[in-house]
Amino acid sequence: MTAPERPQLPPEPARTAQRQLERGCRRLLALYPARHRRVHEEEMVGVLLASAHDGQRRLAPRDAADLIVGAARIWLRRAGRLRHPDGAAALALLSVLAPVLLCAEAVANSGLLGIVWVGCGGFVPPWIRLPNLVAISLLHGPGFWLLTAAGPVTLGLALCGLRRTAAFAALLLAGAGAATASPVPTGVQYASDPLVAITLCTSVVAAAALLLSDGPARGLRMFRRPAITLAGAAALTLAVLGLGACFEIQIGGHLYSALYLIGDTGVIHRSGLDAAELSAVAGIAILVVAAARSLRSAVGRRVLLLLALPALPYLLPELWRLALADPSLPQWLSPFLPLVNLISLVLFLAAALLAALVPLPPAWRLRRPRWHEEGNR
Amino acid sequence: MSDKSLQEPTFLILTALAAGAQHGYGIMTDVQRISSGRVRLRAGTLYAALDRLCGDGMVEFDREEVVDARLRRYYRLTADGAERLAAEVGRMRANATVAATRLGLAGGTA
């Protein structure tokens, strides 16, 4: 670096204008990534001041817009080529886990396996209650079955190596299911329906992971410890079966307990419910421990973040509804529920965008830019 | 190396740096001069392009100096950048030759 030259100071009014212009420049430069600012902020300020005419106090609108667009370009480019290999690994893992979760959601929401579980645990062989299962299937519309099919179809295609087909199948089935299962004119009300909202959002996450990752084959190779994998699958099964039995299901606008559909005596009902609750609690406890353990690794944290996305559009309206159920809260808040649904949807879309921007190619494909090191010397 | 043709601002930035290392403001004024005032790069566009070109290995940091209490960072063309610019010049020349030939044929020589 050459020795600094003695600056030639302009007269006071010009200096004041220049300081004002510089503050404006720095406010806009704050939009740039920190690393970019560290390397380029001072020279960009210099260039902007050099381009300004004498006495200019504010950036020209076109220069300001150009800085904003430039910041957006740099953010998008960096997001599109994040270099950390953990991201690629997380996406590959997610391309297996998200379709599995899609299956689990379908099962839990249908309540079918819950009934089977209660039947087995509650001393009633499931085939005895087969007419009830048929009744459920008849009561549900085609939208329900499209949503339910999304999981198994997506997982099957993904495991066959047809990941693009699997991704489009997930979006198509869940989208068509959501459209036919919930013909609500506002278009945002679906967020309050757990089956539709969570399945739809999980299918978006699954499709993104399938399209952007190296594929489920790589994800499967990452399951290096079969015992842990089996324990995880068992925990998920316990949780899903238990929840499927405990939760009520919605048919034709009416809520039914999955256990109610067994149509059995109170003794069997209570035993089945106990078994279901126990299995749900045990499964969830194991999953929570697994989640806590996975927080230790960067891959695990990313997978957890992405898997948590589908819960967003459901949790917020539900929490709001619970809050409204509190009699101490003013009831005039209730008309704002659609707004909460909308916020929830926007949050999900923002999170989905974030997830879509995590397409991390393997590190070996990318060249590390040289100027960062040089610029930081 | 990419076969995709360079966008005009990128082409002009590489052309400006082909004559030697320049700082940001120098590149902006040079691009305006090269394009006869037709293309005026602004700071946001210039530094987004430099960020990309540095990332692609076509441009690299050369040196920095402080003038009037302001930092100036100089950039230079890399061998890859020069090769890419030469390939683009060849492609443009070939296209221009074909276009000129066809115009000559279409317009007639009489």
Side-chain angles (χ1 to χ4, degrees), chain A residues 1-10 18 22 25 28-29 31-33 35-37 39-52 59-78 80-81 83 366-377, chain B residues 1-2 4 7 9-10 13-14 16-17 21-33 37 39-84:
Chain A
M1 190 189 296
T2 58
E5 296 170 10
R6 190 184 179 81
Q8 294 173 349
L9 292 178
Q18 198 178 61
E22 184 174 339
C25 294
L28 285 177
L29 288 172
L31 297 173
Y32 283 72
R35 180 185 273 185
H36 188 275
R37 282 207 311 275
V39 178
H40 291 299
E41 179 165 350
E42 292 309 316
E43 57 174 318
M44 286 181 83
V45 168
V47 166
L48 287 162
L49 294 183
S51 312
L59 270 176
R62 287 185 68 178
D63 284 327
D66 185 64
L67 279 181
I68 293 168
V69 172
R73 278 184 185 156
I74 288 173
W75 272 112
L76 283 175
R77 192 177 308 129
R78 291 193 178 189
R81 59 177 193 192
R83 292 166 179 78
L366 296 154
R367 278 185 302 184
R368 196 173 178 78
R370 281 164 269 180
W371 60 274
H372 288 314
E373 291 95 36
E374 290 168 345
N376 288 326
R377 270 197 308 216
Chain B
M1 188 154 297
S2 171
K4 200 175 163 188
Q7 289 186 334
T10 309
I13 291 170
L14 294 180
L17 293 176
Q22 295 207 54
H23 54 77
Y25 188 64
I27 297 172
M28 283 167 73
T29 50
D30 203 15
V31 162
Q32 203 164 357
R33 190 165 50 245
V39 176
R40 190 193 159 194
L41 286 181
R42 292 171 196 278
T45 306
L46 172 67
Y47 281 92
L50 283 175
D51 181 76
R52 179 169 48 80
L53 291 169
C54 288
D56 291 344
M58 289 199 266
V59 169
E60 63 188 1
F61 171 77
D62 183 71
R63 67 183 191 281
E64 61 186 20
E65 61 186 27
V66 177
V67 177
D68 291 339
R70 294 286 171 201
L71 181 75
R72 280 183 179 175
R73 182 171 279 122
Y74 285 74
Y75 299 88
R76 63 171 176 253
L77 202 60
T78 63
D80 282 354
E83 193 184 331
R84 182 76 180 84

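Numbered from 1 within each chain, the chains take letters A, B, ... in sequence-line order. Given the structure is predicted, the values throughout are model-derived calculations rather than measurements.
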From B:L53, B:D62, B:L50, residue fulfilling side chain to side chain contact (heavy atoms under 4.5 Å, CB included) relative to B:Y75 = B:L50
Side chain, backbone, both or neither: which part of A:E41 has an atom under 4.5 Å from a heavy atom of chain B?
-> neither
Could you tell me whether the side chain of A:H40 reaches within less than 4.5 Å of the side chain of A:L29, counting heavy atoms only?
-> no
Report the C-alpha distance between A:R73 and B:T45 in whole Å, list the side-chain angles of each, state the deciding distance to 0.1 Å, and finish with yes or no for side-chain contact (heavy atoms from CB on, under 4.5 Å).
-> CA-CA 9 Å; A:R73 278 184 185 156; B:T45 306; 4.0 Å; yes
Toward chain A, the part of B:R63 with a non-hydrogen atom under 4.5 Å = neither
Classify the ring geometry between B:Y25 and B:H23 as parallel (under 30°), tilted (30 to 60°) or perpendicular (over 60°).
-> parallel
Pair count under 4.5 Å, heavy atoms only, with chain B: among A:A50, A:G46, A:G70, highest is A:A50
A:L49 versus chain B, heavy atoms under 4.5 Å apart: side chain, backbone, both or neither?
-> side chain
